[in-house]
Protein chains: 2
Amino acid sequence: MIRVNKKIEYGVLALLYLADKEDKAASVREMASNCGVPETLLSKIMQSIKNVGYVSAVYGNQGGYKLTKELSEITLLGLTEALDGPIQVAECLEEGTRTCPAKASCRIVAPMNVLNQKIVELFHATSLDTLYVTTEEASEKVAVS
Amino acid sequence: MIRVNKKIEYGVLALLYLADKEDKAASVREMASNCGVPETLLSKIMQSIKNVGYVSAVYGNQGGYKLTKELSEITLLGLTEALDGPIQVAECLEEGTRTCPAKASCRIVAPMNVLNQKIVELFHATSLDTLYVTTEEASEKVAVS
DNA sequence: AGCTATCCGGACTAAATTAGTCTAATAGGT
DNA sequence: ACCTATTAGACTAATTTAGTCCGGATAGCT
Ligand code: FES
Ligand code: FES
């Protein structure tokens, strides 16, 4: 199955939450309890997101995290790279992981590279404002599926 | 990380292998040893692919599997659905798995539905002839990345 | 009929990854 | 000082994925 992991899921959730708070900072505790995410886990996630500059951290009382970019400037690509490193849609695309004996002539690495590129493009084209939808809007969008 | 599993990887590999054999059947043993895939595992994979009609099975000596569709008729969507069921890019999109207390108002299910739809469209648009490339062609295609 | 090569399908085990916890430290505001 | 909150890394638990095993069925060949 092709699936996004929880870090990404929670990351999207947290950033959308922050988007609703305008310029105010929200603490990890606040976000975690409102979003139903384990606090310590979200804490790690926010750190990584901070390290790529999508949010800034404010220490101390009334502190927390604040958005420093527009939702339209935050892409799913940037978020997943922040949380999991570069996208590698198949294991053997990772440098130094190619255990396959076929190596250069391997018939799967080329197709997977093509697919990888497509996913990267899709994730790059998907900024968070694209995902900022209400449940109702979403059900319209996917009505056919 | 967003990653396709080995079943899908091996499935693509096997189907591309069959495409090169024209109308001749290839046994699981042959495919497995040529592609460097565990034989018993590939066996299960081919069964699932057979069940959706992309290949047919020939019993007995000189038997094996044969392609019954054109590569252009085999989509990545069809293949992954054959091997893993419907695409669900996030865990909570599965019916009956929504343990989240927010349920209906949950702020993550809508965005993930949007993303899911995008992935489904991409996989639907990606037929196997798209992936039937040589290593050289592929490196051109991804040169910029 | 009997032999052999192959597919079939489920139950099982092993390996790897992901999810989540714990602990101790640092930073800043009041 | 004290309180709240971030930071960072090591650790454990849970889940998923990958891979094995085995008894059985099917078809062709001699
Ligand atoms: S399986 Fe990736 S190089 Fe062969
Ligand atoms: S996390 Fe999926 S419904 Fe809330």
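Order of the sequence lines sets the chain letters (A, B, ...), proteins ahead of strands, with each chain counted from 1.
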First of Gly64(B) and Lys6(A) reached from the 5' end of DNA chain C, by closest nucleotide: Gly64(B)
Any donor-acceptor N/O pair under 3.5 Å between dG9(D) base and Lys44(A) side chain: yes
Rounded interatomic separation in angstrom, taking NZ from Lys7(B) and P from dA18(D): 8 Å
Residue met sooner reading DNA chain C from 5', once Tyr65(B) and Asn61(A) are mapped to nucleotides: Tyr65(B)
Length of the line joining Glu91(B):CD and dA14(D):P, which is rounded to integer Å: 15 Å
d(CG, Asn51(A); C1', dT7(D)) in whole Å: 9 Å
Interatomic distance where CD belongs to Gln47(A) and P belongs to dG20(C) [whole Å]: 16 Å
Nearest-neighbour nucleotide for the Leu41(B) side chain, dG19(D), dC8(C), dT21(C) considered: dG19(D)
Any Met31(B) side-chain heavy atom under 4.5 Å of Ile45(B) side chain: no
Euclidean distance, atom CE of residue Met1(B) to atom P of dT17(C) [Å, nearest integer]: 12 Å
Pairwise 5' ranking along DNA chain D for Arg29(A) and Asn5(B), keeping only the more 5' one: Arg29(A)
Touch class at under 4.0 angstrom, heavy-atom based, for Lys50(A) against every strand present: sugar-phosphate
Rounded distance (Å) that lies between atom P of dT6(D) and atom NZ of Lys66(A): 13 Å
Rounded distance (Å) that lies between atom P of dT17(D) and atom OH of Tyr10(B): 14 Å
Nearest-neighbour nucleotide for the Tyr59(B) side chain, dT21(C), dT26(D), dG28(C) considered: dT26(D)
Glu30(B) with Lys21(B): basic N within carboxylate O range, under 4.0 Å: yes
Touch class at under 4.0 angstrom, heavy-atom based, for Thr40(A) against every strand present: base
Heavy-atom check, side chain of Tyr54(B) versus side chain of Met46(B), under 4.5 Å: no
Cluster overlap Val114(B) with Ile108(B), hydrophobic side-chain contacts below 4.5 Å: yes
Shared hydrophobic cluster, Ile119(A) / Met1(A) (ILVMFWY, side-chain heavy atoms < 4.5 Å): no
Whole angstrom value for the distance that separates C1' of dA5(D) from NZ of Lys24(A): 19 Å
